2 protein chains.
Amino acid sequence: MTETVIQKPDYETALREAGVRITRPRRVILGILTDAEDHPDAMEIFKRAVALDPSISLSTVYRTMKLLEGIGAIHRHAFEGGPSRFEPAIGEHHDHLIDIETGDVIEFHSERIEELQQEIARALGYDIVHHRLELYGRRRRKK
Amino acid sequence: MTETVIQKPDYETALREAGVRITRPRRVILGILTDAEDHPDAMEIFKRAVALDPSISLSTVYRTMKLLEGIGAIHRHAFEGGPSRFEPAIGEHHDHLIDIETGDVIEFHSERIEELQQEIARALGYDIVHHRLELYGRRRRKK
DNA sequence: CTCTAGTTGCAAACGATTTGCAATTGCATT
DNA sequence: AATGCAATTGCAAATCGTTTGCAACTAGAG
């Protein structure tokens, strides 16, 4: 029987290697990120953090996310009409399908689309530094 | 000899049909939009407007953009790291390649990518309401 | 255990955008 | 052309998400 192995990122080690101190609030936030199975925004992370340690401030959440983003440990996504949402940077690149009714985020990947993007950019005389592909959809009503 | 015909949208008529009054500030803003060949943001539109009529306010620019967006006459694009930028909604659908050095916006379209997106959404049980595909790139250095 | 640079919480500042309000103005009606 | 009033304006203040200055606090090297 095959188990789907969900790999968890070791944010603490990554930060230490970047010469950053591991403080109590940071440990709490990193724990939340490690456990998160969704794509929470800063306020959501803050709420979860406050539940564990009421003294944590929203600023620290933002500062920690910025740090992690800086060392490439997480990705920040500015989906339409809402605050930035975060996800671990582990695993292969993927794009997102956002359920416009629930806000749920579904990940997908299309090598074919990636190739086409490259071709297009190349034809226009550009090298792609990064891209953003987001599908905003509604769950098809099962008939 | 074939001429590229650039079609200009008739914002004024569109607004009138939507039961909206055409005021002096609106006329100025619509004129700017009609003439714009780029993808200006609200502040840029405001600056161009003030040059023609110093009494125009930024609020009115925002309100007018919202109106036009509401009737589907323009599209608002929230490209990374900057204010929303606008473009006329005439012409066929296209995506954007943003020059990360100059901010220039290049339009492109790939029917193949559109199809693939549909397939992906469908496979995930979703109907696409809209999407966002943005390539952020750097002009390839001509060797 | 000490020392200090890194980190914190707080409140204030920020940039983009929206909004309340009293004054103004399109424009349908006379 | 003059009237009337709802739509629209400019302004300032409010909003939202996020960042920042600062004095107090603490991780962790020595």
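In what follows, every chain begins at residue 1, and chains take the letters A, B, ... in the order their sequences are listed. Remember, it's a predicted structure, so these values are computed and weren't measured experimentally.
- A salt bridge does not link B/Lys66 with B/Glu69: none of the charged nitrogens is closer than 4.0 Å to a carboxylate oxygen.
- Using a 4.0 Å cut-off between charged nitrogen and carboxylate oxygen, A/Arg122 and A/Glu119 do not count as a salt-bridge pair.
- In this structure, B/Glu114 and B/His109 have side chains that are in contact, with non-hydrogen atoms separated by less than 4.5 Å.
- The cluster map of Ile, Leu, Val, Met, Phe, Trp and Tyr, joined by side-chain heavy atoms under 4.5 Å apart, puts B/Leu58 and B/Val50 in the same cluster.
- In this structure, B/Lys66 reaches the C/dT18 phosphate: one of its side-chain N or O atoms is under 4.0 Å from OP1 or OP2.
- The side-chain heavy atoms of A/Ile74 and A/Glu87, taken from C-beta on, include no pair separated by under 4.5 Å.
- When rounded to the nearest whole Å, the span between CZ of B/Arg85 and C1' of C/dA16 equals 15 Å.
- Screening residues 40-59 of chain B for salt bridge (Lys or Arg N to Asp or Glu O under 4.0 Å), with sequence neighbours left out, gives B/Arg24-B/Asp53, B/Asp38-B/Arg48, B/Glu44-B/Arg48.
- Using a 4.5 Å heavy-atom cutoff, the side chains of A/Ile56 and A/Val28 are in contact.
- You'll find the ring centres of A/His96 and A/His75 outside the 6.0 Å limit.
- Heavy-atom distances under 4.0 Å link DNA chain D to A/Arg16, A/Arg21 of residues 13-21 of chain A, given in residue order.
- The outermost nucleotides of DNA chain D lying under 4.0 Å from heavy atoms of chain A, listed 5' to 3', are D/dG17 to D/dG28.
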Requested in this report: Go through B/Leu52 and B/Ile32 one step at a time and tell me if the side chain to side chain contact (heavy atoms under 4.5 Å, CB included) criterion holds.
Outcome: CA-CA 10 Å; B/Leu52 302 177; B/Ile32 288 164; 4.1 Å; yes
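- A heavy atom lying under 4.0 Å from DNA chain C marks the following residues of residues 22-33 of chain A, by number: A/Thr23, A/Pro25, A/Arg26.
- A heavy-atom distance below 4.5 Å is found between the side chains of B/Ile120 and A/Ser110.
- Within the 4.5 Å cutoff, the side chain of B/Phe108 has heavy atoms near those of the B/Leu135 side chain.
- With sequence neighbours excluded, the residues satisfying side chain to side chain contact (heavy atoms under 4.5 Å, CB included) with B/Ile100 are A/Val129, B/Tyr136, B/Arg138.
- Rounded to an integer number of Å, the gap from A/Leu68 CG to C/dT7 P is 12 Å.
- Atom CG of B/Asp41 and atom C1' of C/dG15 are 12 Å apart (whole Å).
- With rounding to the nearest 0.5 angstrom, the CD1 atom of B/Ile98 is 8.0 Å from the CD atom of B/Glu80.
- Within residues 47-64 of chain B, the residues that have a heavy atom under 4.0 Å from DNA chain D are, in order of number, B/Ser55, B/Ile56, B/Ser57, B/Ser59, B/Thr60, B/Arg63.
- B/Met65 has its CE atom 13 Å from the C1' atom of C/dT17, to the nearest Å.
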